[in-house]
Protein chains: 2
Amino acid sequence: MNDSPRRKELTRQAAQLFVQEGFDRTTVRMLAQEMGIKSGSLFHHFRDKQEILAAVIEEGTQNALMIARDALDNCDSNPEARLHAMARAHLETLLTDRNAHVVALYEWRRLDPEARDHLGHLRDAYETLWEEVLDEALAADLIRGDRFLVSRFVMGALNWTVRWYDPRGERSPEDLARELIAMITHPAR
Amino acid sequence: MNDSPRRKELTRQAAQLFVQEGFDRTTVRMLAQEMGIKSGSLFHHFRDKQEILAAVIEEGTQNALMIARDALDNCDSNPEARLHAMARAHLETLLTDRNAHVVALYEWRRLDPEARDHLGHLRDAYETLWEEVLDEALAADLIRGDRFLVSRFVMGALNWTVRWYDPRGERSPEDLARELIAMITHPAR
DNA sequence: GTCTATAGTCTGATAGAC
DNA sequence: GTCTATCAGACTATAGAC
């Protein structure tokens, strides 16, 4: 539709509800209430409920991509540092912001085919970034295994944190990143 | 309610739909059609939709627990063999049967508080099994790290396979288990 | 850009016949 | 144990006034 600041703010609020309740359980009335408007007014900003989901997922993936690129640009160039930067960036978008990126990962299946098609390249760009960093780690013998499987196992371990992580606990996303890297890397010999 | 063979069969069919569509999107009419009856008849077997979910999750967790115990009873007693048996059992209940255990993991949040309370001990028993096996691996220096984090990372890597695994592909659950163990273990030195 | 009002559909669940 | 018929409520989305 458009990408006014207003729409951006509404998208941000929708993301929070989608994480809390799940997309299917979130009604347009709940969304409108969260936004401080009536449900009818919502459809001035979004064509339908699907479009809200697409906006959230686009926002979440774009944001994750940006933060990951930033982190990679500002860390040491050795494979371990890059791996750690990538994992930390991923966890921070999932656990600190706790919003749009979670929706992108957990509600992807709810996108209709057209939206999935339109957003596929964004998702691919993010996954490619991961695969590059993992390729470097594999080439340096920091990790061992099949590239495809390693990337999926690592992403799984990271993405599942959403289910158990307690932000009020004593572990930071950075702690988690460090521990995961320690678990899967073979120290220099 | 009860646990007749009929109810067991209906539960099995419900599990399949819950995996395919998600609990929220699955209507009682869809469930009834899958079962070959009309929607009104469904409520002769289950009090309400919630009870169907609870039945599926109970079945899925109990089955996973049974299969895991079997696998542990019939494998070598060294920590690596036990870890492998556990991972393979977990993946087989998720990827081969592709049913109730997936629902137990992915729709747990949809249980109402009473059901969650009633099924909590089953879930705990299964997680305890995992922690025992991981403790042995940690004690043997096969894996390194914090017990809590290691168990969650491993379960995350395993549980996430549901999202990308293609049963028609060339990798078996056993292959996946072997590769995951290889990734996280430090070979004897 | 937001409101009120409501159309039209689908939902989980119940009642009573067979 | 299954059926038909239906209720009452919730749902997404629209129309038109302001």
Side-chain angles (χ1 to χ4, degrees), chain A residues 1-59 103 107-116, chain B residues 1-59 103 107-116:
Chain A
M1 225 172 212
N2 63 53
D3 55 335
S4 62
R6 179 81 173 120
R7 184 174 149 120
K8 200 129 198 201
E9 168 66 7
L10 298 177
T11 301
R12 212 186 52 76
Q13 291 175 302
Q16 198 194 333
L17 264 177
F18 287 164
V19 171
Q20 258 174 47
E21 303 290 327
F23 174 70
D24 291 324
R25 286 172 108 80
T26 304
T27 68
V28 297
R29 285 172 177 79
M30 292 164 68
L31 287 163
Q33 184 165 39
E34 184 82 7
M35 297 165 180
I37 56 180
K38 299 295 179 181
S39 69
S41 311
L42 228 174
F43 295 92
H44 177 76
H45 302 281
F46 302 92
R47 191 198 333 272
D48 53 23
K49 201 186 161 192
Q50 264 291 320
E51 199 179 75
I52 308 181
L53 178 62
V56 170
I57 291 185
E58 177 160 18
E59 157 78 13
V103 177
E107 307 286 359
W108 180 268
R109 302 190 312 158
R110 303 301 167 213
L111 283 174
D112 58 28
E114 308 96 72
R116 224 181 311 212
Chain B
M1 224 173 212
N2 63 52
D3 54 336
S4 62
R6 179 82 175 116
R7 182 173 150 121
K8 202 131 198 199
E9 168 66 6
L10 297 176
T11 301
R12 211 186 53 75
Q13 291 175 301
Q16 199 194 332
L17 264 177
F18 288 164
V19 171
Q20 260 174 47
E21 303 290 328
F23 175 71
D24 291 323
R25 287 171 108 80
T26 304
T27 68
V28 296
R29 284 169 178 79
M30 292 164 69
L31 287 164
Q33 184 164 41
E34 183 81 7
M35 297 165 179
I37 56 179
K38 300 294 181 182
S39 68
S41 312
L42 227 173
F43 296 92
H44 177 75
H45 302 280
F46 303 92
R47 192 198 334 273
D48 54 24
K49 199 186 163 192
Q50 264 291 318
E51 199 180 73
I52 308 179
L53 179 62
V56 170
I57 291 184
E58 176 161 18
E59 156 79 13
V103 177
E107 307 286 358
W108 181 266
R109 302 191 310 160
R110 303 300 166 213
L111 284 174
D112 59 28
E114 308 95 72
R116 227 182 308 215

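Chain letters run A, B, ... following the sequence lines, proteins first, then strands; residues in each count from 1. All values below were derived from every heavy atom in this structure, side-chain atoms included, with hydrogens, water molecules and symmetry-related copies excluded. Note that this is a predicted model, so its numbers are computed, not measured.
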Discussion item. From C-beta outward on A/H45, which listed nucleotide comes closest to its side chain: C/dG12, D/dG1, C/dG1?
Written reply: C/dG1
Worksheet entry | All salt bridge (charged side-chain N to carboxylate O under 4.0 Å, His left out) counterparts of B/R12, not counting sequence neighbours | B/E9
Worksheet entry | Under the salt bridge (charged side-chain N to carboxylate O under 4.0 Å, His left out) test, residues paired with B/D24 that sit two or more places apart | A/R25, B/R110
Please list, one pair per line, the donor and acceptor atoms closer than 3.5 Å that link side chains of residues 29-39 of chain B to other protein atoms, with sequence neighbours excluded.
none

Item to complete: Indicate whether OP1 or OP2 belonging to D/dG1 is found under 4.0 Å from a side-chain N or O atom of B/H44.
Response: yes
Item to complete: State whether B/R6 places a side-chain N or O below 4.0 Å from either non-bridging phosphate oxygen (OP1 or OP2) of D/dT2.
Response: yes
Worksheet item: Is a donor on one side and an acceptor on the other found under 3.5 Å between the side chain of B/Q50 and the backbone of B/D112?
Response: yes
What's the [atom1]-[atom2] distance between [X] and [N], to the nearest Å?
| X | N | atom1 | atom2 | answer |
| --- | --- | --- | --- | --- |
| B/L31 | C/dT11 | CG | P | 11 Å |
| A/D48 | D/dC11 | CG | C1' | 14 Å |
| A/L42 | C/dG1 | CG | C1' | 12 Å |
| A/Q33 | D/dT12 | CD | P | 14 Å |
| A/R47 | D/dT14 | CZ | C1' | 14 Å |
| A/K49 | D/dA13 | NZ | P | 8 Å |

Nearest-0.5 Å distance that lies between atom [atom1] in [X] and atom [atom2] in [Y]:
| X | Y | atom1 | atom2 | answer |
| --- | --- | --- | --- | --- |
| A/T26 | A/Q16 | OG1 | CD | 10.5 Å |
| B/I52 | B/L10 | CD1 | CG | 8.5 Å |
| A/L42 | A/K49 | CG | NZ | 11.0 Å |
| B/H44 | B/R7 | NE2 | CZ | 11.0 Å |

Worksheet item: Residues in side chain to side chain contact (heavy atoms under 4.5 Å, CB included) with A/E59, at least two apart?
Response: A/K8, A/T11, A/A100
Item to complete: Provide the closest heavy-atom pair for B/V103 versus B/A15 in the form atom of the first, atom of the second, distance.
Response: CG2-O, 3.7 Å
Response to the item:
So, with a heavy-atom separation below 4.0 Å from DNA chain D, the residues of residues 14-28 of chain A are A/T26, A/T27, A/V28
Practice prompt. Just report the end-to-end axis angle for the helix from C/dG1-D/dC18 to C/dC18-D/dG1, five pairs per end, to 10 degrees.
Written response: 0°
Worksheet item: Does any pair with a residue in residues 2-35 of chain B pass ring pair (Phe, Tyr, Trp, His ring centres under 6.0 Å), and if so which ones, sequence neighbours excluded?
Response: B/F18-B/F23
Atom pairs under 3.5 Å: protein N/O with N/O of nucleotides 3-6 of chain D:
residue	atom	partner	partner atom	Å
D/dC3	OP2	B/K38	N	2.5
D/dC3	OP2	B/S41	OG	3.1

